[in-house]
Amino acid sequence: MSDFHYEEEDFQGKFDRGTFVRILEQAKPHWRAVAGFVVAVAFVSFLDAFFTYLNKLIIDEGILAGNRDRLVELVVIYGGMILLQAIAVFGFIYLCGILGQRVMYDLRKKVFDHLQSLSFSYFDRTPVGWIMSRVTSDTDRMAELLTWNMLDITWSVTNITIALIFMATIHWQLTLIVLALIPILMIVAIWFKTKILVEFRQVRKLNSKITGTYNENITGVRVVKALNREAANLKEFDGLTSSMYRSAYRAAWLSALFLPAVQLLTAFAVGAVVWFGGLQIEAGGLSIGSIQAFIAYITFMMWPVQEMARVYAEMQQAVASAERFFSLLDSQPDVTDKPGAVEVPSMHGDIEFENVTFYYQPEKPVLTNFNLTVKAGETIALVGPTGGGKSTIVNLISRFYEPKEGVIRINGRDYTDYSLHAIHSRLGVVLQTPHLFSGTIRENIRYGRLDATDAEIEEAAKLAGAHEFILGLEKGYDEAVGEGGVLLSVGQKQLVSLARAILAQPDIFIMDEATSSVDTLTEALIQQGMENVMKTSTSFVIAHRLSTIRRADRILVIENGGVSEMGSHAELMQRKGHYYNLYTTQFRHDLETKYDPFANGHSANGTDGGELSTNGHSANGAKKTAEQVA
């Protein structure tokens, strides 16, 4: 487990009303459902309050007055109201459920669309786990705030308001006693609000780190087990979860303390009403049914107040989640279409770097005043040490990043004049670690061109050298590849990835270390497939295995952000410079590995290790042999 954790923006300010308003705005497109459940909840609240008043009438005008007809009338009214309440309850539960699903769909669709527009740089600096936490748990909390929590708030506020109205109609002096309780509750709520919000913000931040750690350990499980890191990772993970537990515990403790505070204040109000109401009964100014109704209304108000306390605590979580969700939604892509960017049907043409400077960090430039001209249809191989700038060059060509200084032209025109879609739709990329999507082989190849027919897919697979192994699978092209292609070998995934690139018929083709992790046979198949693509494309090949680039039109040795050598394979071998040393060293290493008598006890072709010296091809003569082969 890495000691580094993504340090997201801290949200430590006061309660952000703007964020809360943005949450509420997510319900605007569904205002009919909102209005429907608010009306239904208000109606249920009114009926709840009226039931208490109806009980007062039953006691005073029916039971104590001995009026049987009036008692029957009130009971019938009571039964009819129960039926109406059942219908209203069904309505607000149904509407609230529908609203929650629609809001959650909108939020996730909105953030998914936004993620598609963000530049590579955002994903370079942002862990997957942090993003997943925003898309899943944070959208859940926001949707819950807009539905069930908002329902509870509406129900609570309506209940309290209607209860106060009925109380005022019974005895306005007693109502003033209850009203005096409200400012005290407000002061208590404001104090708890700040404390709870701080703790829940910390919980959300730690939850992001924990999600990222889960993702890192699951994806890197082979390395963890190979290096016996389970105990160390568990210790580090325990530190994170313990911190989150402490913050969550403090938040829960504060929330729990809020409820008894509300109950004590409510009990005080009930005691005051009973005392004052008793005096009123003795004076003949208040009936027994009225005092019973008054106490019932106070008790009736206690549960909504407690609910509001609970919802308020959950609202702090939702706001803390929304702050992070909107920080993702508000992030801007570094690479965008400029005004007037044009769509063109083809990117076939010369590619020119003119005084290009690029850096990921200003103090560490990767390319400085880089110049290069590539003719249309030319194949360029890029070799050199790690960190020299090879991948940066192809990332700039692909416009995943843009130059900090200088200009890149395609077909004589600044490539920022073209839309991103125009460039990306004409790219074909095969990476060192190919990625396949869950689904079948056919679906993964078709990803290169969605309108391709089955015949075109199979033709692309044949050109890539993937057709034979696909037919050998139980379901052929309809074989599932699993998540990330885990059901296929690295070589098979690479061939499918190459077929996908061939199907796209790209104008610009990029191979980034595509043969570094495959066996010799698969490498030959990939090499053949590459040649099929390169016939019609301007191609860039990054390779450490130099035998795969001997046929390139030009080989560029990239060092320290510039071109140290350039030429064909034969030309560079004759110069006996850096490329010559790289090639001969690698050739010697391959021979030593192939004919090492201590590796498997025999050579790769089944002969004894001693046969190499018999034929005069000792390791010491490998450099001369490499020159002869070249």
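Everything numeric in this text was worked out from a predicted model, so none of it was measured.
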task: Could you tell me whether the side chain of Pro385 reaches within less than 4.5 Å of the side chain of Glu559, counting heavy atoms only?
output: yes
- prompt: Sub-3.5 Å donor-acceptor pair from the side chain of Ser331 to the main-chain atoms of Leu328, do we have one?
  reply: yes
- request: State the CG-CD1 distance between Asn444 and Ile457, to the nearest 0.5 angstrom.
  value: 10.5 Å
message: Using a 6.0 Å cut-off, check whether atom CE of Met104 has over 12 heavy atoms from anything other than its own residue.
response: yes
Other residues, nucleotides, ligands: >12 heavy atoms within 6.0 Å of Lys338 NZ: yes
- request: Decide yes or no on salt bridge (Lys or Arg N to Asp or Glu O under 4.0 Å) for Lys109 and Asp113, but give the supporting numbers first.
  value: CA-CA 6 Å; Lys109 182 177 182 296; Asp113 289 345; 3.3 Å; yes
query: What closest approach, in Å, do Ser391 and Asp512 show between heavy atoms, and which atom pair accounts for it?
result: OG-OD2, 3.7 Å
- line: Of all heavy-atom pairs linking Leu572 and Glu565, the shortest is CD2-OE1, 3.8 Å
field: Nearest heavy atoms of Arg554 and Val374, plus distance in Å
entry: NH2-CA, 3.7 Å
- prompt: Under the 3.5 angstrom rule, does the side chain of Asp507 hit a backbone N or O of Met347 as a donor-acceptor pair?
  reply: yes
Heavy-atom closest pair, residues Pro403 and Val356: CB-CG1, 3.9 Å
query: When rounded to the nearest 0.5 angstrom, what distance separates CD1 in Ile408 from CG in Asp414?
result: 8.5 Å
query: Taking the six-membered ring for Trp, are Phe112 and His114 ring centroids under 6.0 Å apart?
result: no
message: So does Ser564 get a backbone contact from the side chain of His578, meaning a donor-acceptor N/O pair under 3.5 Å?
response: no
query: Asn355 side chain to Gly406 main-chain N or O, any donor-acceptor pair under 3.5 Å?
result: no
task: Output, in order, the C-alpha distance, side-chain angles, deciding distance and verdict of side-chain hydrogen bond (donor to acceptor under 3.5 Å, both in side chains) for His424 and Tyr418.
output: CA-CA 10 Å; His424 293 165; Tyr418 302 118; over 6 Å; no
field: Nearest heavy-atom neighbours spanning Pro506 and Ala501
entry: CD-O, 3.2 Å
field: Donor-acceptor pair, side chain of Asp553 and main chain of Glu378, under 3.5 angstrom
entry: no
Atom pair CG/CD of Asp106 and Gln26 - distance to nearest 0.5 Å: 8.0 Å
- prompt: Is there a side-chain contact between Val335 and Phe400, using heavy atoms and a 4.5 Å cut-off?
  reply: no
- prompt: Side chains of Asp478 and Ile441: does their closest heavy-atom pair fall under 4.5 Å?
  reply: no
message: Does Phe123 have more than 12 heavy atoms from other residues, nucleotides or ligands lying within 6.0 Å of its CZ?
response: yes
query: Does the side chain of Ser539 reach to within under 4.5 Å of the side chain of Ile510, using non-hydrogen atoms?
result: no
task: Please confirm whether Lys364 makes a cation-pi placement over Tyr359, using NZ or CZ under 6.0 Å from the six-membered ring centre and within 45° of the ring normal.
output: no
field: Heavy-atom check, side chain of Leu382 versus side chain of Ile380, under 4.5 Å
entry: yes
Asn560, CG atom: more than 12 neighbouring heavy atoms under 6.0 Å: no
query: Within 45° of the ring axis of Tyr415 and under 6.0 Å from its six-membered ring centre, is that where the NZ or CZ of Arg409 lies?
result: no
query: Between the side chain of Glu571 and the main-chain N/O of Ser568, is any donor-acceptor distance below 3.5 Å?
result: yes
task: Verify salt bridge (Lys or Arg N to Asp or Glu O under 4.0 Å) between Arg108 and Asp140, making sure each step is shown before the conclusion.
output: CA-CA 10 Å; Arg108 290 179 176 173; Asp140 285 345; 2.8 Å; yes
- request: May I ask you to check whether Phe437 and Tyr447 place their ring centers less than 6.0 Å from one another?
  value: yes
query: Can you find a pair of side-chain heavy atoms, one from His569 and one from Ile555, that are under 4.5 Å apart?
result: yes
message: Distance check, rounded to the nearest 0.5 Å: Ser537 atom OG versus Ile508 atom CD1?
response: 9.0 Å
statement: When rounded to the nearest 0.5 Å, the distance separating CZ of Phe358 from CD1 of Ile393 is 11.5 Å
- prompt: Ion pair present between Arg442 and Asp454, side-chain N to carboxylate O less than 4.0 angstrom?
  reply: yes
query: Are the side chain of Ser119 and the backbone N or O of Tyr122 linked by a donor-acceptor pair below 3.5 Å?
result: no
Over all atoms of both residues, closest heavy-atom pair of Ala466 and Leu495: CB-CB, 3.8 Å
field: Residue pair Phe540 / Val394, side-chain heavy-atom distance below 4.5 Å
entry: yes
query: So, does Arg446 use its side chain to make a donor-acceptor pair with the main chain of Ala452 at under 3.5 Å?
result: yes
field: Side chains of Val366 and Tyr360 in contact at under 4.5 Å (non-hydrogen atoms)
entry: yes
Test: Arg575 cationic atom under 6.0 Å from Tyr580 six-membered ring centre, within 45° of axis: no
Which pairs would a plain distance check flag for residues 468-475, meaning a side-chain donor or acceptor within less than 3.5 Å of a matching protein atom at least two apart in sequence or in another chain?
none

query: Would you say the side-chain atoms of Ser327 pair up with the backbone N or O of Arg324, donor to acceptor, closer than 3.5 Å?
result: yes
- request: Before giving the answer on side-chain hydrogen bond (donor to acceptor under 3.5 Å, both in side chains), spell out for Ser321 and Asp138 the whole-Å C-alpha distance, their side-chain angles and the decisive distance to 0.1 Å.
  value: CA-CA 5 Å; Ser321 294; Asp138 287 344; 3.0 Å; yes
field: Value rounded to 0.5 Å, distance of CG in Leu436 from CZ in Arg500
entry: 5.5 Å
